[in-house]
Amino acid sequence: MSGIQAPDKETMEACRLYVDNLIKPIHSLGKLEDIAVRLAGITGKIKPGKLNKAIVIMAGDTAVDGENKTGGKTSLTEVQMVSRGLGTVSAVARTLGAPVYLIDVGLEQNTNDIEGVLTNKVVYGTHRGNPALDQDAVSAAISIGMSVARTLAVQGIQAVGLGNIGERSLLSALGVTAAIMKKELQENSLKDGFSLHMDDVGNMANDPVGVLSRVGSAEIAGLFGLVVQAAREKIAIVFDNAVTGAAVLAAIEVYPEVRDYVFPSAAYNEPVHQIQMKKLGMKPFFYYDFTVAEGFGSAMGLSLFDAALDMVNEMKTFGQGGVDVAEDGPGKGRQREDVQ
């Protein structure tokens with residue numbers, strides 16, 4: 001898993017110089033400028049064209065033990081809708097020209113007969129309690145995510161949006177987040193006048209497979225592998241809710257270099273998601289008043305990539321003093337002498 005390269009700093013600096021000299025209605029276009037500069041570093045091009053994009057949705061149910069009234073049928077219906085192109089994420093994906101890859105790594109129900117679903121099931125639903133699933137299943141799910149990222153790279157995909165489908169998946173997201181932030185949570189509980197006792201779930205940075213086995217889920221493990229390998233392949237990564245956020249948080253905890261490739265999309269009124277954003281020190285682009293949408297938030301984040309790169313490629317620099325910029329290659333951007 002080693003070998004994650006940092007984005008090209010010289011290309012980022014040249015892109016920043018170019019963006020600073022664009023004719024804008026206000027002093028700064030804020031996040032659009034920051035996105036463009038980061039994408040320049042990831043792609044190695046000062047003025048990247050529109051990126052080839054894809055959306056990957058990992059599916060898995062959580063807490064399937066005991067009395068389970070739904071029996072995984074709710075998430076199965078959701079999978080069927082997305083596989084037919086009828087999900088909320090589907091319309092955005094079509095607008096972006098992005099394929100949607102729907103992968104069943106841990107749904108309770110069988111998906112073998114559903115066209116458009118890649119069934120790579122490592123478990124029929126994640127269990128409740130400790131462990132949630134065995135380490136072999138976690139390793140297999142991580143490998144699936146890595147394989148998907150390698151395939152995306154071969155296909156020329158430059159940006160991927162993360163999504164999830166599954167019942168009670170927020171429980172696993174909470175478990176993974178708490179395992180990573182147990183020190184902060186315990187300290188805060190003492191400040192509030194009570195003691196928070198957490199079972200020893202291990203150290204994510206040193207033993208991601210063990211921790212994900214104890215408190216994680218198949219879809220989070222799959223997304224974890226996807227995130228890390230996508231960063232290795234220099235693919236930009238967009239995530240949205242607490243489930244995709246748990247995978248990103250875990251990946252960055254193990255491999256801090258991943259942070260340079262990750263973009264948060266949506267802010268939700270959901271405590272686990274908000275805790276993750278605070279821990280990561282990230283501010284999402286959009287606000288949504290819902291939490292479940294099969295990667296809809298990530299798809300919208302990918303659309304913002306288009307807006308940022310349209311800004312770079314369509315807007316003009318100051319006519320009397322501009323910036324001469326080569327299309328690609330580090331160190332090619334230079335400010336003309338008549339720019340004050």
Nearest-0.5 Å distance, [atom1] of residue [X] to [atom2] of residue [Y]:
| X | Y | atom1 | atom2 | answer |
| --- | --- | --- | --- | --- |
| K31 | R38 | NZ | CZ | 10.0 Å |
| H273 | N241 | NE2 | CG | 8.0 Å |
| E108 | T62 | CD | OG1 | 10.5 Å |
| S83 | D104 | OG | CG | 11.5 Å |
| Q109 | Q80 | CD | CD | 9.5 Å |
| L280 | R259 | CG | CZ | 5.5 Å |

(message) Regarding Q135 and S213, do their side chains bring together a donor and an acceptor under 3.5 Å, going by distance alone?
(response)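 No donor-acceptor contact under 3.5 Å links the two side chains.
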Donor-acceptor contact below 3.5 Å, side chain [X] vs main chain [Y]:
| X | Y | value |
| --- | --- | --- |
| E78 | G166 | no |
| S298 | G163 | no |
| S169 | I165 | no |
| S143 | S139 | yes |
| K121 | L107 | yes |
| R94 | G85 | yes |
| S303 | M300 | yes |
| D61 | E167 | yes |
| N52 | G156 | yes |

Donor-acceptor pairs under 3.5 Å, side chain of residues 217-224 to any protein atom, not counting sequence neighbours: which ones?
unit_1	atom_1	unit_2	atom_2	d
S217	OG	E219	OE1	3.2
S217	OG	E219	OE2	3.1

Connecting only ILVMFWY residues whose side-chain heavy atoms lie within less than 4.5 Å of each other, what is the rest of [X]'s hydrophobic cluster?
| X | value |
| --- | --- |
| L86 | M81 |
| L170 | L174, V272 |
| Y124 | none |

Is there a chain of hydrophobic side chains (I, L, V, M, F, W, Y, each step under 4.5 Å between heavy atoms) that links [X] to [Y]?
| X | Y | value |
| --- | --- | --- |
| M146 | Y255 | yes |
| V243 | F286 | yes |
| M277 | L249 | yes |
| M12 | V312 | no |
| V37 | L309 | no |

Testing the basics here: between [X] and [Y], what is the closest heavy-atom pair and its distance to 0.1 Å?
| X | Y | result |
| --- | --- | --- |
| G49 | N313 | CA-ND2, 4.3 Å |
| A231 | Y261 | O-CZ, 3.8 Å |
| T126 | G216 | CG2-O, 3.4 Å |
| A159 | L302 | CB-CD2, 3.9 Å |
| F305 | L51 | CD2-CD1, 4.1 Å |
| V64 | H127 | CG2-ND1, 4.2 Å |

(request) Please assess E115 against R84 for the test salt bridge (Lys or Arg N to Asp or Glu O under 4.0 Å), listing each intermediate value before the final yes or no. (result) CA-CA 8 Å; E115 185 177 355; R84 295 166 57 193; over 6 Å; no
Heavy-atom distance under 4.5 Å between the side chains of [X] and [Y], does that happen here?
| X | Y | result |
| --- | --- | --- |
| F239 | P264 | yes |
| L39 | F263 | yes |
| L162 | V248 | yes |
| Q276 | M181 | no |
| T11 | K45 | no |
| I114 | L76 | yes |
| L304 | L32 | yes |

(request) Identify whether the distance between the nearest side-chain nitrogen and carboxylate oxygen of D134 and R214 falls below 4.0 Å. (result) no
Partner set under side-chain contact (heavy atoms from CB on, under 4.5 Å) for [X], not counting sequence neighbours:
| X | answer |
| --- | --- |
| A140 | V122 |
| A93 | I55, V100 |
| E233 | R150, A153, Q229, I235 |
| P99 | A54, Y101 |

(request) Report the C-alpha separation of F296 and D240 in whole Å, then their side-chain angles, then the decisive distance to 0.1 Å, and conclude whether the side chain to side chain contact (heavy atoms under 4.5 Å, CB included) test is met. (result) CA-CA 8 Å; F296 176 78; D240 53 6; 5.6 Å; no
(request) Step by step, work out the side chain to side chain contact (heavy atoms under 4.5 Å, CB included) result for M282 and V262. (result) CA-CA 10 Å; M282 295 180 178; V262 169; 4.1 Å; yes
(request) Quick one: do L152 and V56 satisfy side chain to side chain contact (heavy atoms under 4.5 Å, CB included)? Show the steps, please. (result) CA-CA 10 Å; L152 294 179; V56 176; 4.0 Å; yes
Kindly write out the residues that satisfy side-chain hydrogen bond (donor to acceptor under 3.5 Å, both in side chains) with [X], not counting sequence neighbours, or none if the list is empty.
| X | value |
| --- | --- |
| D136 | none |
| D306 | K53 |
| N110 | N112 |
| R168 | N68 |

(request) Determine, stepwise, if the pair E33 / R16 fulfils side chain to side chain contact (heavy atoms under 4.5 Å, CB included). (result) CA-CA 8 Å; E33 296 186 8; R16 172 59 70 184; 3.3 Å; yes
